[in-house]
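Since the structure is predicted, the reported quantities are computational estimates derived from the model, not experimental observations.
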Amino acid sequence: MNSVSFSADGRLLATSSVQEKNVKLWDLRKLGEDTYRILSDNVNGVVSFDRSGRYLAVGDGANLLLYNARTLDQISKISAHQNKITGIK
């Protein structure tokens, strides 16, 4: 695991793994169950919820994927870089 981020309400945990090449979103209200959703399969190990908890940013190669944290719908793909994204704040 390369990166973890808790949602503002503490309900969700996003984890990313370069080795597994994915981002998993865990529902912490259902611990012990295999309850996660894979959001991306080309990650570079960076995930971060915004301070409001409304958005989840995922580094996906040189792209930044932005998800609605409540619906988990991808709302934007930002392709502003030529090199791999290595950090999100």
Side-chain angles (χ1 to χ4, degrees):
M1 196 176 321
N2 298 85
S3 180
V4 298
S5 182
F6 287 92
S7 62
D9 62 6
R11 181 177 64 92
L12 300 173
L13 174 67
T15 63
S16 68
S17 171
V18 173
Q19 293 80 12
E20 294 178 12
K21 297 185 179 175
N22 63 32
V23 168
K24 294 180 181 178
L25 195 60
W26 304 85
D27 187 337
L28 298 178
R29 298 170 299 176
K30 300 176 182 176
L31 289 177
E33 299 176 28
D34 199 16
T35 56
Y36 64 86
R37 178 175 172 190
I38 296 178
L39 298 179
S40 176
D41 60 3
N42 184 33
V43 301
N44 20 333
V46 292
V47 293
S48 183
F49 284 96
D50 79 313
R51 290 182 184 163
S52 73
R54 287 185 273 186
Y55 304 104
L56 174 66
V58 174
D60 185 67
N63 302 308
L64 182 68
L65 306 179
L66 193 59
Y67 290 88
N68 178 311
R70 189 168 26 99
T71 65
L72 304 182
D73 293 328
Q74 183 179 325
I75 56 175
S76 184
K77 178 179 180 179
I78 302 166
S79 302
H81 298 278
Q82 293 181 359
N83 296 317
K84 185 167 54 169
I85 295 171
T86 58
I88 303 171
K89 283 207 172 198

Item to check | Evaluation steps, side chain to side chain contact (heavy atoms under 4.5 Å, CB included), between V46 and V58 | outcome: CA-CA 6 Å; V46 292; V58 174; over 6 Å; no
Item to check | NZ-OG distance between K24 and S17, expressed to the nearest 0.5 angstrom | outcome: 8.0 Å
Next on the checklist: Tell me whether L64 shares a hydrophobic cluster with Y55, the cluster being built from Ile, Leu, Val, Met, Phe, Trp, Tyr side chains joined at under 4.5 Å.
Outcome noted: no
Checklist entry - Just checking, is any N or O donor in the side chain of S79 or N63 under 3.5 Å from an acceptor N or O on the other one? => result yes
Checklist entry - side chain to side chain donor-acceptor pair (under 3.5 Å) with T15: which residues, sequence neighbours excluded? => result W26
Checklist entry - Does I75 belong to the same Ile/Leu/Val/Met/Phe/Trp/Tyr cluster as L65, with side-chain heavy atoms less than 4.5 Å apart forming each link? => result no
Next on the checklist: If you compare all heavy atoms of S48 against all heavy atoms of S5, which two are closest, and at what distance to 0.1 Å?
Outcome noted: CA-OG, 3.6 Å
Checklist entry - Does the side chain of N2 reach to within under 4.5 Å of the side chain of Q19, using non-hydrogen atoms? => result yes
Item to check | Residues that D50 engages under salt bridge (Lys or Arg N to Asp or Glu O under 4.0 Å), provided they are two or more places apart | outcome: none
Next on the checklist: Which residues pass the side chain to side chain contact (heavy atoms under 4.5 Å, CB included) test with S7, not counting sequence neighbours?
Outcome noted: D9, R11, L12, F49
Item to check | For the student: nearest non-hydrogen atoms of A69 and G53, plus distance | outcome: CB-O, 3.3 Å
Item to check | Intermediate values then yes/no, side chain to side chain contact (heavy atoms under 4.5 Å, CB included), V4 and V47 | outcome: CA-CA 7 Å; V4 298; V47 293; 5.8 Å; no
Item to check | Results of side chain to side chain contact (heavy atoms under 4.5 Å, CB included) for R70 - residues two or more places apart only | outcome: N68
Checklist entry - Which atoms form the tightest heavy-atom contact between L28 and G10, and what is the distance? => result CD1-O, 3.5 Å
